[in-house]
Structure formats: C-alpha cells, structure tokens
Amino acid sequence: GALLVQTRREENDSPKFQGNKTNIVRDDTINSLKLTNPATNASGEYEFKDILDLGGVFSLDLKRHLLTEGFYVGTLFDSRTALIDSWSDFDGAEATDVNAELLVAVTKDAPAGTNYADSDFSNKTFNTFVNGIFEGRGFKFKLKISTNDPAQNIKVSELGYTATFQRRQEQSSTAIASGGGVKNIAFDKPFFTGTSALLGANSNLPSIGITALDNITSGDYFQVTNISATGFSVHFKDSSNASINRNFNFVAVGFGKGV
C-alpha cells in the first residue's frame, strides 16, 4: 500500500487559483485560468500557491492532475488577426493550437518559506512534470500555457498533483545483542512520519516487530520505546524487571525512504 501525503488542487481553494500569475488571469465566468490576451502575449505562467515541504529529503511519488480545453476568443473572421494561411481550423470549431504544461522544481535544502513569494527556488531549474518518483525535500510547481494562434485561448479548469509514499520495511540482517540495558537501533534510511503541515507530526511512525532468538525464559519480556523516523530503543528484562542480555532481530514497517 501507499501513504497519501497530499492531494493538491488549486481550483479547490476559495477563491480559486490563488497563486502568482504572469499573463494569465482567473476567469470566474468559466471557473478557469486562461491567457490574459492571446493577441498580445502568446504564453503565460501560473505558480502554485504553496510549495510542498517534506521536512527532509525523501523519494516521493508524484502524479499530476491537469484538465484543459482550447477555445476560440471569437468565431467571426474579424476577430481572427493571424494570416488566414496559418489557421489550423477554418470553421473555428476546434482550438488545437494551444498547449499546457506542468513544471516542477526540486530542492534538497530546507525551503525559505511556504509559498511562491518567500521560497527561493531561483537557482533551481523547472523541468516538465511527468508522473514518477522525485528525490528532494522542497517541491515548487507551476503551469505554463501557450497558443500559436492569437484567436485561440486555453482554459485550465483543474490543476494539481497527488503525492504519496510507498510502504517499505527495514530489518536486521544478523542477530543483535541487547547488551543488558537499553539498546538503541538506528534505521539505515529514515521513514516519513509526518510533519505539522503534512498529516501531523509523528502521525505515521513505523511499526516495530521484535523476535527474541535465544535464552528466553518464563517472565522475560521487552519494551520498545522512542520510536521515531530514524530509529527506536528496545530493553529486555526478566521477571524481576532486571535488565538482561538477549539476542534479537527486528522488522520496521513504515512509509517513505529518506536519504
């Protein structure tokens, strides 16, 4: 299974599409983004309102969501300013000379803030956002729309992404001696356990399974404490609550693979 970290949809905000706009306007009559004026600016950009900050560097599954439709600004000949030889559709029924592209920039550093206005991604390259696995801490998204015909515009009615972590497990490869006291175990790679902004801090701690390997007698037991993204503690005791040394294996099951 997978852990849904965030489903982000810019059109679900109130008002819709609150991010920074360049040559793009929100048209409430069609509940969509569109180019402000295709005749004067053939392309425009929209930056998502907020960045995504995982709180640490992880491998993250991202899936885009984008719903668009091209349309003619006007259907009369007088409203079309491009040379007639360049028209892709003489009847004006289908507007196909438009394009929309989702882009993402990724940083492994702690972002400076939470939104486009105060988060510095100026030295990061925006690449085409295709569904896949991305490694980073901070993610900034933007939309680019364009037209090759000043008579054609494009409306974007749905815009966003889904972020998930895959379930994974770590386990000891050899027996571990508890050492007659509290034994601290560090994971090879951190798990994602949630942040104050994403699902809640420590809301998804890994589950820990302990298997004692030898010398267990009636009344012996163990306590697992201090479970975190990076490790846990285990303490073996006998029936008198005295610390004992026992060999054991562990299995930790959680979500996300940190670096």
Side-chain angles (χ1 to χ4, degrees), residues 4-53 60-75 79-83 86-107 111 114-117 119 121-122 124-134 136 138-164:
L4 177 61
V5 178
Q6 186 177 70
T7 297
R8 179 62 195 159
R9 296 285 288 274
E10 297 290 292
E11 77 277 5
N12 287 339
D13 290 338
S14 183
K16 300 174 182 289
F17 303 109
Q18 296 180 20
N20 192 39
K21 305 171 186 68
T22 303
N23 298 327
I24 286 180
V25 65
R26 184 184 73 240
D27 188 337
D28 292 332
T29 63
I30 57 175
N31 292 316
S32 300
L33 295 173
K34 67 177 184 181
L35 290 170
T36 305
N37 187 344
T40 56
N41 293 105
S43 65
E45 292 186 351
Y46 171 85
E47 292 180 315
F48 281 40
K49 174 179 174 289
D50 298 314
I51 65 166
L52 174 62
D53 183 1
L60 180 69
D61 288 345
L62 287 172
K63 183 178 180 180
R64 65 179 185 174
H65 184 91
L66 180 62
L67 182 62
T68 68
E69 182 183 354
F71 67 96
Y72 277 91
V73 178
T75 57
S79 67
R80 303 181 67 170
T81 58
L83 295 175
S86 67
W87 292 9
S88 60
D89 192 310
F90 187 83
D91 294 327
E94 296 184 6
T96 58
D97 284 340
V98 293
N99 186 59
E101 183 180 21
L102 267 179
L103 305 171
V104 61
V106 182
T107 180
T114 60
N115 58 50
Y116 62 82
S119 295
F121 281 75
S122 60
K124 304 300 179 183
T125 300
F126 278 90
N127 295 307
T128 301
F129 175 12
V130 295
N131 297 344
I133 299 175
F134 296 78
F139 302 80
K140 183 176 181 180
F141 303 87
K142 71 178 178 181
L143 168 77
K144 182 176 182 179
I145 58 177
S146 60
T147 181
N148 291 321
D149 183 344
Q152 297 182 29
N153 205 333
I154 183 172
K155 61 180 181 180
V156 180
S157 56
E158 297 180 8
L159 175 64
Y161 62 85
T162 300
T164 57

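A salt bridge is defined here as a Lys NZ or Arg NE, NH1 or NH2 lying under 4.0 Å from an Asp or Glu carboxylate O, and Lys140 with Asp50 fails to meet this definition. Ionic pairing of Arg26 and Asp28 is present here: one or more N-O contacts between side-chain nitrogen and carboxylate oxygen are shorter than 4.0 angstrom.
In this structure, Lys142 forms a cation-pi arrangement with Phe126, its terminal cationic atom sitting closer than 6.0 Å to the ring centre and no more than 45° off the ring axis.
The main-chain N or O of Leu159 is found under 3.5 Å from a side-chain atom of Glu11 such that the two form a donor-acceptor pair. Looking at Gln18, its side chain does come within 3.5 Å of a backbone N or O of Ser14 through a donor-acceptor pair. For the pair Tyr161 (side chain) and Arg9 (backbone), a donor-acceptor distance under 3.5 Å is absent.
Looking at every heavy atom in both residues, Val106 comes nearest to Lys124 through O-CD, 3.7 Å. When every heavy atom of Ala100 is checked against every heavy atom of Ile145, the shortest pair comes out as CB-CG2, 3.8 Å. Of all heavy-atom pairs spanning Ile30 and Lys34, the tightest one is CD1-CD, 4.4 Å.
The closest side-chain heavy-atom distance from Lys16 to Asn31 is below 4.5 Å. In this structure, Tyr46 and Glu10 have side chains that are in contact, with non-hydrogen atoms separated by less than 4.5 Å. Taking the side chain as every heavy atom from C-beta outward, Ser32 and Asp27 never approach each other to under 4.5 Å. Looking at Thr125 and Asn127, their side chains come closer than 4.5 Å, going by heavy atoms from C-beta outward.
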Please assess Tyr72 against Asn153 for the test side chain to side chain contact (heavy atoms under 4.5 Å, CB included), listing each intermediate value before the final yes or no.
CA-CA 6 Å; Tyr72 277 91; Asn153 205 333; over 6 Å; no
Side chain to side chain contact (heavy atoms under 4.5 Å, CB included) between Leu60 and Leu52, intermediate numbers included:
CA-CA 11 Å; Leu60 180 69; Leu52 174 62; 3.7 Å; yes
